[in-house]
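Note sheet for the following structure.
Whatever order the structure lists ligands and atoms in, that order sets their numbers, starting from 1.
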Amino acid sequence: MLKRARRLRMDESVRTMVRETRMSQSSLIYPIFVEEGKGIIKEIEAMPGQNRYSLDTLPRALEEVVDSGVESVMFFGIPKEKDACGSQAYAENGIVQEAFRIARKEVPELYYVGDVCMCEYTSHGHCGIINGDSVDNDKTLPLLAKTAVSQVKAGADMVAPSDMMDGRVRAIRDALDEAGYIDTPIMSYAAKYASAFYGPFREAAGSDNFKGNRRTYQMDYHNRREALKEVDLDLGEGADIIMVKPAMSYLDIIREIRDRVDVPVAAYSVSGEYAMIKAAAQAGMVDEAGIVAETATSIFRAGADILITYYAKEIAAMIKEGRIG
Ligand code: PBG
């Protein structure tokens, strides 16, 4: 036999040598929820192991991120007061803005990303301004732009709009430029599907009260070409990084986009993906570390350059140990 595929699998050294997918801690982003109050480290019921923090407990949590080797975090803010126009999203002293200020001061070594959206801040829980019974795209744009600028002013290194309004990348780019932040990148949630996998997040962010669904703005999961359209639009509007979300059931979309564009592609392994693995592991049905290693690797293998995940710290540890990557 001339060809024996098993030759390159015979021991750990050669297997590692010929690995096709290489991962690094610097490609991971860890999402963190910050809420108003004091002394809060409150576990999110639907996401065991993940917490909401208040501003005073946040720095310790960030130190843990640094210790794990993860270099970047993404903040979600949960305000006490929500209103119809989500005014706490762009309040100068809003919860997420204060989180950026404290984080930058206390733990300056991390790279800080801000999720830009209205749904954590609106009383109705939708990602934009409501007009009649629909979300008003064009009225929402200036508020998203204001939100992005307020986050960057407070210390965000990058903004990531997740609202799925048309034209928001351009609105944000223009506003950032006008405010002098020409070098602040935009990571756009470009192909964001209307997904049941966001369920646990909505408990985490307190945005599970909304009526109806998000299908008039998030994408229909039957569609693949439409993801390319969204990516083209966002790149045309100035997006620097393109995101696919969720990750696990959308590996085909990640690959398709990776093959078509020359900007970095991010994938968000969302709350429901985390919750499913956690629940199965807690029930003793699967080996958690094994599943996390394999799913994370599959997302990079599909073509993602960046992975946003609640398992970021654990994945970083596995990369360090050489188990994956
Ligand atoms: C919206 C937003 C959502 C997530 C990130 N940003 C939820 C939604 O669109 O309903 C989901 C993240 C997750 O499920 O982990 N601001």
Side-chain angles (χ1 to χ4, degrees), residues 28-35 44-52 73-79 82 86 88-90 94-96 113-130 135 140 143-144 147-148 151 156 158-165 168-169 172 186-221 230 241 243-250 266-279 292 295-296 299 306-312:
L28 301 167
I29 301 179
Y30 182 58
I32 295 188
F33 300 94
V34 189
E35 72 172 311
I44 300 158
E45 245 172 76
M47 303 173 73
Q50 302 302 314
N51 304 307
R52 286 188 185 189
V73 296
M74 181 185 241
F75 279 168
F76 292 94
I78 304 136
K82 305 192 182 207
Q88 286 303 305
Y90 40 88
I95 179 67
V96 87
V113 184
D115 179 89
V116 174
C117 191
M118 309 297 297
C119 69
E120 300 103 280
Y121 304 93
T122 52
S123 42
H124 46 73
H126 275 288
C127 301
I129 296 308
I130 299 277
V135 173
T140 303
L143 302 184
L144 293 168
T147 301
Q151 291 186 359
M158 178 191 281
V159 288
S162 65
D163 52 283
M164 289 301 277
M165 297 302 119
R168 92 280 208 197
V169 174
I172 290 171
I186 299 175
M187 174 163 65
S188 137
Y189 289 66
K192 176 174 176 180
Y193 287 85
S195 169
F197 284 100
Y198 308 149
F201 172 91
R202 290 176 188 162
E203 180 210 318
S207 60
D208 47 0
N209 59 325
F210 69 100
K211 284 202 205 81
N213 56 60
R214 302 213 199 288
R215 293 202 282 268
T216 69
Y217 42 104
Q218 299 178 352
M219 288 176 49
D220 180 348
Y221 53 70
E230 281 285 2
I241 298 173
M243 194 199 299
V244 177
K245 178 180 173 204
M248 202 158 66
S249 292
Y250 296 84
Y268 196 146
S269 181
V270 300
S271 56
E273 300 175 47
Y274 175 86
M276 288 196 310
I277 296 173
K278 208 49 160 186
V292 170
T295 50
I299 295 164
I306 299 163
L307 175 59
I308 302 152
T309 170
Y310 303 97
Y311 275 120

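Counted by atom type alone, Q218 and Y193 present zero donor-acceptor pairs between their side chains at under 3.5 Å. No side-chain N or O of Y189 forms a donor-acceptor pair with one of D163 less than 3.5 Å apart. At a cut-off of 3.5 Å, with distance as the only test, a side-chain donor of Y30 or Q50 sits close to an acceptor on the other residue.
When the heavy atoms of A275, S195, A194, S162 are ranked by distance to atom 16 (N) of ligand 1, first place goes to S162. Distances from atom 7 (C) of ligand 1 to the heavy atoms of F201, F76, Y121, Y193 show the closest one on F201. Looking at R202, M74, K192 and measuring to atom 9 (O) of ligand 1, the nearest heavy atom belongs to K192.
Ring to ring, F201 and F76 are close: their centroids are under 6.0 angstrom apart.
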Using side chain to side chain contact (heavy atoms under 4.5 Å, CB included), reason through I308 and M243 one step at a time and then give a plain yes or no. CA-CA 10 Å; I308 302 152; M243 194 199 299; 3.5 Å; yes
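With contacts defined as side-chain heavy-atom distances shorter than 4.5 Å, the pair P246/Y268 does not qualify. Residues Y311 and I277 form a side-chain contact, since some pair of their non-hydrogen atoms from C-beta on lies under 4.5 Å apart. Between P161 and I186, the closest side-chain pair of non-hydrogen atoms falls below 4.5 Å.
Between M164 and ligand 1 there is no heavy-atom distance shorter than 4.0 Å. At a 4.0 Å cut-off, at least one heavy atom of Y310 sits close enough to ligand 1 to count as contact. Residue contacts with ligand 1 leave out M118, since none of its heavy atoms falls under 4.0 Å from the ligand. In this structure, E273 has no heavy atom closer than 4.0 Å to ligand 1. Ligand 1 has no atom lying under 4.0 Å from any heavy atom of C127.
Near E120, with a cut-off below 4.0 Å to any heavy atom, the atoms of ligand 1 are 16 (N). Against a heavy-atom cut-off of under 4.0 Å, D115 is close to the following atoms of ligand 1: 6 (N), 16 (N). Per-residue contacts place V270 under 4.0 angstrom from the following atoms of ligand 1 (heavy atoms of the residue considered): 13 (C), 14 (O), 15 (O). Listed by number with element, the atoms of ligand 1 under 4.0 angstrom from any heavy atom of C117 are 1 (C), 16 (N). Under a 4.0 Å criterion applied to the non-hydrogen atoms of Y198, ligand 1 contributes the atoms 8 (C), 9 (O), 10 (O), 11 (C), 14 (O). Contact atoms of ligand 1 toward K245: 2 (C), 3 (C), 4 (C), 5 (C), 6 (N), 11 (C), 12 (C) (distance under 4.0 Å to a heavy atom of the residue).
Under 4.0 angstrom from ligand 1, there are no non-hydrogen atoms of D163. Of all the heavy atoms of Y268, the ones lying under 4.0 Å from any atom of ligand 1 belong exclusively to the side chain. With a heavy-atom cut-off of 4.0 Å, C119 touches ligand 1 through its side chain alone.
Counting protein heavy atoms only, atom 14 (O) of ligand 1 is closest to S271 OG, 2.7 Å.
Aromatic ring orientation, Y310 versus F33: parallel (interplanar angle below 30°, classes split at 30° and 60°).
Annotation: cation-pi pair K245/Y198 present, NZ/CZ under 6.0 Å from the ring centroid and within 45° of its normal.
Distance SG/C117 to CG/D115: 6.0 Å, rounded to 0.5 Å.
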